[in-house]
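Working notes, structure below.
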Amino acid sequence: MNTDQSLFERAVNVIPGGVNSPVRAFNSVGGTPLYVKSGRGATLRGVDDRELLDFCCSWGAMILGHAHDEVAEAIREQTALGTSFGINTEKEVLFAERLCALVPFMEQVRLVNSGTEAVMTAIRIARGVTGRRRILKFDGCYHGHSDSVLVSAGSGLLTGGNLSSRGVPRHVASDTFVAGYNNVSELSEIVHEKGHEIAAIIVEPVVGNMGLVMPAPGYLEKLRHFADCCGALLIFDEVISGFRFGFSAYASIAGVKPDLITLGKIIGGGLPLAAVGGRSVFMSDLAPGGSIYQAGTLSGNPLAVSAGLKVLEVLERDNPYPLMAESGDVLCDVINSSAKAKKANLRCAQYRGVFTLFCSNEPVRNLSDVRQCDTTAYAELFHRMLDQGYYLPPSQFESAFISAAHTPDEVRKFARAVVDAI
Ligand SMILES: *Cc1c(COP(=O)(O)O)cnc(C)c1O
């Protein structure tokens, strides 16, 4: 029988750790990871036929919900016409035009297959155009799994970070400075001492990858300012935040202009697609026009692009953003007012349709605050919700997502279930 347990037992024999991406293994919440048979709208169906309301939504990618009719049809149509040629298609031109029209500071864009690749390319462009080696990132921001960004805060600010993975060369990590998120004095110190060596300052303008953490007022403007002071490129990694909070990048909402921006997740409509774009003075240095090399067999393939085009079309036509935001507001109010009344160790951080249930009494502004959270309590909450048919991200350090397919009623019921669990 295909139960979660039996599938996972088979998986560990042939897939490292049994999973194709680590957080799926439930290591931080315990228990047997989930196997999904299908999904429709906001609902997942497990291999045991149990239905779950999904607040993970493929880490935010499925903003319209699972198996959306129009997206599925677009994928079907393209499948019949061929899925990849390694030759140009009209659709990739349409898609690039669309992205450049929707993201005001994006003058040119290159399509790739994953957020990791988009970030890797953005960093290479920054190094190429500045002729500098080092980058500055922020502790707790995730930028995919390429060497330069698998680095966390070390003992000294100015000595480069600690390796977050074996196999990353020490010298690569030592080229990455790591400052605390929302911490202007560390940012300022690094830029003053080492600014002339920094090719890029890279940041998640809204952090989704340590749980949801918002930039403090004026923080993104400071990043722009410091990047200008030292001549580094400012990269906004919007693989999560792009098209999540409104029909553009978060940079448009914040009114801060990065030099380069990465997009992923939502723009691929559930297929592998991501993008790196920005000012054409920088983007045009990419091969074949320029001498910064980047390429991809499946890059901009018409299958992924068809899904992406359809998602953008539906988002524009239906504008689900106000409803997702309203559901998020209600959820957060219900949970936080009850947690406060009961003096519970729980705080819902929320912005529009994204939230994190932090098991903490304190506001969470950076990674050290997240580290204060009670991860055992989160694991318990996760499993209580799972038992009641709600799938949350299986880690305290992740964001949960409300899709356009979640009804306000479903979200309210979930909020009440959390309140009951407090
Ligand atoms: C998910 C994510 C990535 C990595 O994207 P993949 O497609 O998983 O490689 C990079 N940056 C941010 C901000 C992300 O959320």
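Quantities reported herein were computed from a predicted structural model and do not represent experimental measurements.
- Here the NE2-CD distance, from His68 to Glu73, works out to 12.0 Å after rounding to the nearest 0.5 Å.
- Tyr142 places no side-chain N or O within donor-acceptor distance of the main-chain N or O of Leu150, the cut-off being under 3.5 Å.
- Remark: side-chain polar atoms of Thr407 are paired, donor with acceptor, to backbone N or O of Glu410 under 3.5 angstrom.
- There is no side-chain donor-acceptor pair under 3.5 Å between Glu9 and Ser6.
- Residue Glu107 qualifies as enclosed at atom CD: its count of foreign heavy atoms under 6.0 Å is above 12.
- The residues Arg416 and Asp420 are annotated as not salt-bridged, no charged nitrogen and carboxylate oxygen being separated by less than 4.0 angstrom.
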Quick one, Thr32 with Gln5, criterion side chain to side chain donor-acceptor pair (under 3.5 Å). Give me CA distance, side-chain angles, the key distance, then yes/no. CA-CA 6 Å; Thr32 310; Gln5 186 73 43; 2.9 Å; yes
Please list every donor-acceptor pair under 3.5 Å in which a side-chain atom of residues 207-221 meets a protein atom from a residue at least two apart or in another chain.
{"from": "Asn209", "atom 1": "ND2", "to": "Glu204", "atom 2": "OE1", "distance (Å)": "3.0"}
{"from": "Asn209", "atom 1": "ND2", "to": "Glu204", "atom 2": "OE2", "distance (Å)": "3.3"}
{"from": "Tyr219", "atom 1": "OH", "to": "Asn182", "atom 2": "N", "distance (Å)": "3.3"}

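- A donor-acceptor pair is defined here as one N or O able to donate and one able to accept, closer than 3.5 Å; such a pair exists between the side chain of Arg132 and the backbone of Ile198.
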Walk me through it: do Tyr250 and Phe236 pass the test ring-ring contact (aromatic ring centres under 6.0 Å, His included)? CA-CA 9 Å; Tyr250 180 74; Phe236 275 7; 7.9 Å; no
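- The neighbour count for Arg10 CZ, taken as heavy atoms of other residues, nucleotides or ligands under 6.0 Å away, does not exceed 12.
- In this pair, Phe8 and Tyr35 present their aromatic rings tilted. The plane angle is within the 30 to 60° band.
- The aromatic ring centroids of Phe55 and His406 lie less than 6.0 Å from each other.
- At least one donor-acceptor pair under 3.5 Å links the side chain of Arg124 to the backbone N or O of Tyr293.
- More than 12 heavy atoms of other residues, nucleotides or ligands shown are found within 6.0 angstrom of NE2 on His383.
- Within the 3.5 Å criterion, the main-chain N or O of Gln396 finds no donor-acceptor partner in the side chain of Ser28.
- Listed for the Asn336 side chain is a donor-acceptor partner under 3.5 Å among the backbone atoms of Cys348.
- Paired with Val178 under the rule side-chain contact (heavy atoms from CB on, under 4.5 Å), one option of Ile190, Ile135, Val149, Asp139 passes, and it is Asp139.
- Taking every heavy atom of both residues into account, Ile267 and Ala275 meet most closely at CD1-CB, 3.9 Å.
- Counted within 6.0 Å of NZ on Lys340, heavy atoms from surrounding residues, nucleotides or ligands total 12 or fewer; the atom is thus considered open.
- Looking only at distances, no side-chain donor or acceptor of Gln350 sits under 3.5 Å from a matching main-chain atom of Phe355.
- Using modelled atom types, one side-chain atom of Thr121 and one backbone atom of Glu117 make a donor-acceptor pair closer than 3.5 Å.
- Side-chain N or O atoms of Ser248 include one that pairs as donor or acceptor with a backbone N or O of Leu102 at under 3.5 Å.
- Each of Arg371, Gln372, Arg365 was evaluated against Asp369; a single residue qualifies, Arg365, per the side chain to side chain donor-acceptor pair (under 3.5 Å) test.
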Please assess Arg127 against Ser148 for the test side chain to side chain donor-acceptor pair (under 3.5 Å), listing each intermediate value before the final yes or no. CA-CA 12 Å; Arg127 286 178 166 148; Ser148 300; 3.2 Å; yes
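- Here the straight-line distance linking atom OG of Ser164 with atom CG of Asp147 works out to 11.0 Å at 0.5 Å rounding.
- In this structure, the side chain of Ser58 does not engage the main chain of Gly60 through any donor-acceptor pair within 3.5 Å.
- Using cut-offs of 30° and 60° on the angle between ring planes, the pair Phe382 and Phe26 is perpendicular.
- Using a 4.0 Å cut-off between charged nitrogen and carboxylate oxygen, Asp387 and Arg50 do not count as a salt-bridge pair.
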